[in-house]
Amino acid sequence: MLKAVYPGSFDPLTNGHVYIAKRAADIFGKCVIAVLDNSEKKSMFSKAERVDMIRSVFKNDKNISVAAYDGLLVDFMKKEKSRVIVRGLRALSDFEYEFQIAQLNRQLAPEVETFFIATEPRFSFLASHAVKDVFKWGGNISDMVPQEILERMVKLQNKD
Ligand code: PNS
């Protein structure tokens, strides 16, 4: 059994992310969802909040765990003793960005391999930033994120 690491910013986790995590856990045996910072993005939820929210989504999945990490993904890979990074691909347009990250990580840690899982077509339009935008302007996102995530987004909105 292998342990795959599925890294991302997950701000917030979408149904597309859920599909990739479950698929990775099913294929590799175990999946650790790693919540990391993307220096290019400003987040809606703190890392601790995201971990908490994602844990609630996968509370019944024994082979999926969630962790936060401050630092490089390759250092997290060493800490977890894993050589398998999993990333989802929605469309060809994702490829350039993903390829760049994969090659960068390869240079930093040649022993680690990045595997890509193509998402199901029904999730191909889903992106965290789009979900946040639809939600902000009152659109219905109940088919885009798990119920637990929707509840936390509503809670956060009511706090403001
Ligand atoms: O979901 P995202 O925002 O596309 O995920 C990108 C992420 C968080 C996986 C990437 O930015 C990352 O690995 N950040 C941690 C710092 C790092 O290792 N940077 C070098 C590779 S980009």
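Whatever order the structure lists ligands and atoms in, that order sets their numbers, starting from 1. The shown structure was predicted, so the numbers you read here are calculated from the model rather than taken from an experiment. Residue indices begin at 1 and follow the sequence shown.
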Numbered atoms and elements of ligand 1 in range of N38, under 4.0 angstrom, heavy atoms:
2 (P), 3 (O), 6 (C), 11 (O)
Any N/O of P7 closer than 3.5 Å to an N/O of ligand 1?
no
Sub-3.5 Å donor-acceptor pair from the side chain of D61 to the main-chain atoms of N63, do we have one?
no
Of all the atoms in ligand 1, which lie at a distance below 4.0 Å from a heavy atom belonging to G71?
15 (C), 16 (C)
Given that the side chain starts at C-beta and the backbone is N, CA, C, O, which of these parts of R87 lies under 4.0 Å from ligand 1, counting heavy atoms, or is it both or neither?
side chain
Using side-chain contact (heavy atoms from CB on, under 4.5 Å) as the criterion, point out the one residue from V86, V84, L73 that pairs with V5.
L73
How far is atom 10 (C) of ligand 1 from the closest protein heavy atom, and which atom is that?
D37 O, 4.4 Å
Sub-4.0 Å atoms of ligand 1 with respect to non-hydrogen atoms of L73:
13 (O), 17 (C), 18 (O)
Heavy-atom distances under 4.0 Å are what count here, so tell me which part of K41 touches ligand 1: side chain, backbone, both or neither.
side chain
Tell me whether F116 is reachable from I101 by hopping between hydrophobic residues (I, L, V, M, F, W, Y) whose side-chain heavy atoms are closer than 4.5 Å.
no
Using modelled atom types and a 3.5 Å cut-off, is there a donor and acceptor pairing between side-chain atoms of T14 and backbone atoms of L126?
no
Please confirm whether the ring centroid of F45 lies under 6.0 Å from the ring centroid of F10.
no
ring-ring contact (aromatic ring centres under 6.0 Å, His included) against Y19, all qualifying residues, sequence neighbours excluded:
F123
For ligand 1, is there an atom lying under 4.0 Å from some heavy atom of Y97?
yes
Heavy-atom nearest neighbour in the protein, as seen from atom 19 (N) of ligand 1, with distance rounded to 0.1 Å
L72 CD2, 3.8 Å
Which one holds for V74 and ligand 1: side chain close, backbone close, both close, or neither close, with close meaning a heavy atom under 4.0 Å?
neither
For S9, the ligand 1 atoms with a heavy-atom partner under 4.0 Å come out as 1 (O), 2 (P), 3 (O), 5 (O)
Check whether any heavy atom of S39 sits under 4.0 Å from an atom of ligand 1.
no
Any side-chain donor paired with an acceptor under 3.5 Å for Q107 and Q103?
no
With a 4.0 Å cut-off, would you call D11 and K42 a salt bridge?
no
